[in-house]
Asks: 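Here it is, the structure in full.
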2 protein chains.
Amino acid sequence: MTNRFVDKLNGFSKLRSEEVAALFAATAQAKEIPIKTDLIREGDQPGPVLVMLKGWACRYKILPNGTRQVLAYLMPGDCCDLHIGLLAEMDHSIQVITPALVATIGRLEMDEIMDQHRGIAKAMYLAQLIDEGIMRAWITSMGRRSSVERVAHLMCELYLRARNIGLIDGDELELPLSQLLLADSLGMTPVHLNRVLKVLRESQAMIISRGTLNIKDPRKLVKIAGFDENYLHRRLRVTV
Amino acid sequence: MTNRFVDKLNGFSKLRSEEVAALFAATAQAKEIPIKTDLIREGDQPGPVLVMLKGWACRYKILPNGTRQVLAYLMPGDCCDLHIGLLAEMDHSIQVITPALVATIGRLEMDEIMDQHRGIAKAMYLAQLIDEGIMRAWITSMGRRSSVERVAHLMCELYLRARNIGLIDGDELELPLSQLLLADSLGMTPVHLNRVLKVLRESQAMIISRGTLNIKDPRKLVKIAGFDENYLHRRLRVTV
DNA sequence: CGGGAGATTGAACGAGTTCAACACACGTGG
DNA sequence: CCACGTGTGTTGAACTCGTTCAATCTCCCG
């Protein structure tokens with residue numbers, strides 16, 4: 001059986017077979033989670049590390065005025081913060097946005113695994129660095145890109161991340177994100193997001209419909225977005 | 001002599017004396033850095049961990065169209081990403097914005113210190129979690145707060161962070177950030193930032209002038225910002 | 001077939017940008 | 001010691017991107 005978490009970490013730098021085995025063991029008993037379930041809520045005391053094996057989730061925060069900001073997307077293979085257990089309480093929530101399969105790794109177990117398997121530790125640190133890079137890219141987008149550029153940039157990011165973990169079928173990506181969710185990710189109104197999608201559709205760059213993203217003209221989309229994939233850190237340092 | 005890096009880590013959970021000594025030793029030979037020097041640039045291969053002992057710096061990114069987005073501020077005691085050495089290249093730059101005193105800790109040395117001193121390792125992980133919380137707060141601000149709220153929120157954050165490391169003198173904070181820099185942090189125009197500062201000044205909430213932030217009415221400012229300090233994680237988990 | 005959530009469109013409005021001019025402080029050289 | 005230049009801060013007026021509000025449409029699922 002495939003395990004996208006193992007695949008992802010293994011993709012950073014070849015893990016040894018016992019490391020792969022350890023990861024399999026740690027994520028063996030996963031749970032099916034129904035759509036729109038909060039895995040953890042702002043204010044909760046953090047528990048074990050959450051690992052997405054199937055399905056998507058998002059980090060989000062609800063402001064006092066009732067608006068929501070999506071902070072990140074978790075795709076299959078992604079996991080929540082490594083050392084999260086050190087905190088007294090969560091400063092944001094995580095919700096599953098499709099039916100999902102989620103494994104949990106207790107803090108002690110995680111520590112032990114990382115102590116014994118330096119390759120895993122390294123891969124986990126890399127994953128975290130990449131997540132930070134993604135956050136910085138979001139800040140950059142929100143601060144300095146127009147709404148069209150912002151949408152295009154997010155789509156480039158999601159497409160590449162999905163491709164990196166083998167989620168792409170042809171040039172289409174199953175994208176289970178409603179326009180409301182996307183709007184809350186990009187700091188804009190659902191109405192305006194809808195209009196932006198129309199612009200991108202009519203410019204033949206990309207089409208989102210019925211839950212699938214179809215990139216018609218990758219080069220054009222990348223150009224609109226001003227997308228530079230360096231922040232996803234696919235090229236890793238070889239001399240370690 | 002004081003060492004703000006040690007103070008900061010020590011503030012998370014009391015370090016043992018040999019841990020303090022190890023940190024002192026690691027940051028003993030620091031360098032004076034002139035203002036506006038890039039400590040590291042986008043595209044560079046990351047080197048040692050950088051530790052700010054005196055002065056401020058900022059992470060930033062220049063977009064193809066020439067605009068700049070500030071991604072974070074580093075204050076005395078802060079350091080750049082722990083495992084940065086794993087990456088092939090930087091996805092952003094870090095620049096000193098005041099004359100500064102910066103120490104560097106090589107990757108191997110850092111690894112060794114963290115292996116031998118679990119208290120330091122824990123404190124470093126906490127620092128990183130807090131930095132991530134700050135990034136998420138920035139995303140939230142950019143996405144869902146008005147310009148006045150955004151400015152107020154950032155000032156609350158900087159004030160609290162400064163206070164946490166004992167940088168506050170009375171109710172004033174020496175804030176070496178030009179309006180241009182602030183505008184580039186908050187995703188707005190210098191002109192508009194200036195108008196927002198005027199609004200906040202006239203509402204008697206806070207005044208920035210000649211490089212100092214003076215919070216006239218903390219309660220009002222917090223209310224304007226919708227500020228909740230939970231993301232700075234001062235309250236830590238006791239049962240570890 | 002009916003209900004409800006998400007998607008789409010129009011028109012008026014408003015927050016923030018743009019461009020341009022001017023003020024002010026500070027450091028440097030004459 | 002003043003003159004000057006440069007970077008930073010301040011203000012006005014026109015403009016524009018994105019919001020708001022409200023109506024309608026589509027699709028899916030029971």
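So you know, we letter chains A, B, ... as the sequences are listed, proteins then strands, and number each from 1. What you see below is based on every heavy atom in this structure, not just the backbone, and it leaves out hydrogens, waters and symmetry mates.
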Asks: What is the distance, to the nearest angstrom, from the CG atom on B:Leu197 to the P atom on D:dT8?
Replies: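 It works out to 15 Å between those atoms.
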Asks: Which of the following nucleotides, D:dT20, C:dT8, C:dT18, is nearest to the side chain of A:Arg201?
Replies: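 Of the options given, the side chain of A:Arg201 lies nearest C:dT8.
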Asks: Taking only the side-chain heavy atoms of B:Val191 (C-beta and beyond), determine which of C:dT17, D:dT11, D:dT20 contains the nearest atom.
Replies: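 Nucleotide nearest to B:Val191's side chain: D:dT11.
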Asks: For atom CD of B:Glu172, decide whether the heavy atoms of other residues, nucleotides or ligands shown that lie under 6.0 angstrom number more than 12.
Replies: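 Enclosed: over 12 neighbouring heavy atoms sit under 6.0 Å from CD of B:Glu172.
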Asks: What is the distance, rounded to the nearest whole Å, between atom CG of B:Leu186 and atom P of C:dG16?
Replies: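 Spelled out: CG on B:Leu186 to P on C:dG16 is 12 Å.
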Asks: Roughly, in whole Å, what's the span from NZ in B:Lys36 to P in D:dG7?
Replies: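 For the pair B:Lys36 NZ and D:dG7 P, the rounded distance is 8 Å.
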Asks: Could you grab the distance from atom CD of A:Gln179 to atom CD1 of A:Ile208, nearest 0.5 Å is fine?
Replies: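 Answer for the CD-CD1 pair, A:Gln179 versus A:Ile208, is 7.5 Å.
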Asks: Under 4.0 Å, heavy atom to any atom of DNA chain C: which of residues 143-150 of chain B qualify?
Replies: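 Correct list: B:Ser146, B:Ser147.
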Asks: Expressed in angstrom and rounded to an integer, what is the separation of B:Lys198 atom NZ from C:dA23 atom C1'?
Replies: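 Checked: the NZ to C1' distance equals 14 Å.
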Asks: How long is the straight-line distance from SG of A:Cys58 back to CG of A:Leu177, given to the nearest 0.5 Å?
Replies: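 Reported to 0.5 Å precision, the distance equals 8.5 Å.
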Asks: Taking only side-chain nitrogens and oxygens of B:Gln179, does any of them come within less than 4.0 Å of OP1 or OP2 of D:dT10?
Replies: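 So the side-chain polar atoms of B:Gln179 do come within 4.0 Å of the phosphate oxygens OP1 or OP2 of D:dT10, strictly under.
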Asks: Ion pair present between A:Asp228 and B:Lys61, side-chain N to carboxylate O less than 4.0 angstrom?
Replies: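 Between B:Lys61 and A:Asp228 there is no salt bridge, as every charged N stays at least 4.0 Å from the carboxylate O atoms.
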Asks: Which nucleotide in the list D:dG9, D:dT20, C:dT17 gets nearest to the side chain of B:Thr189?
Replies: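 The answer is C:dT17.
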Asks: Look up atom CD1 in A:Ile62 and atom OG1 in A:Thr67, then write down how far apart they are to the nearest 0.5 Å.
Replies: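 Interatomic distance, A:Ile62 CD1 to A:Thr67 OG1, rounded to 0.5 Å: 7.5 Å.
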Asks: Take the protein atom CZ of B:Arg210 and the nucleotide atom P of D:dG9, then report the distance between them rounded to whole Å.
Replies: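 Answer to the nearest Å: 13 Å.
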Asks: How do B:Leu177 and A:Met188 order along DNA chain D: which one's closest nucleotide is nearer the 5' end?
Replies: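 It is B:Leu177, whose closest nucleotide lies nearer the 5' terminus.
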Asks: Could you pull out the closest heavy-atom pair between A:Met188 and B:Arg144, with the gap in Å?
Replies: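 In terms of heavy atoms, the two residues are closest at O-NH2, 3.2 Å.
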Asks: Which pair of heavy atoms, one from B:Leu221 and one from B:Ile215, lies closest together, and at what distance?
Replies: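 Minimum heavy-atom contact is CD2-CD1, 3.8 Å.
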Asks: Given C:dT17, C:dT8, D:dT8, which nucleotide is nearest the side-chain atoms of B:Ser178?
Replies: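 The closest nucleotide is D:dT8.
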Asks: Whole Å only: how far is the CG atom of A:Asp184 from the C1' atom of D:dG18?
Replies: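 After rounding, the gap between these two atoms is 15 Å.
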Asks: Quick one: A:His192 NE2 to D:dT19 C1', roughly how many Å, whole number?
Replies: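 Checked: the NE2 to C1' distance equals 9 Å.
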Asks: Quick one: A:Asn194 CG to D:dA23 P, roughly how many Å, whole number?
Replies: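 Answer to the nearest Å: 18 Å.
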Asks: Given C:dT18, C:dA7, D:dT19, which nucleotide is nearest the side-chain atoms of B:Arg195?
Replies: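 Selected nucleotide: C:dT18.
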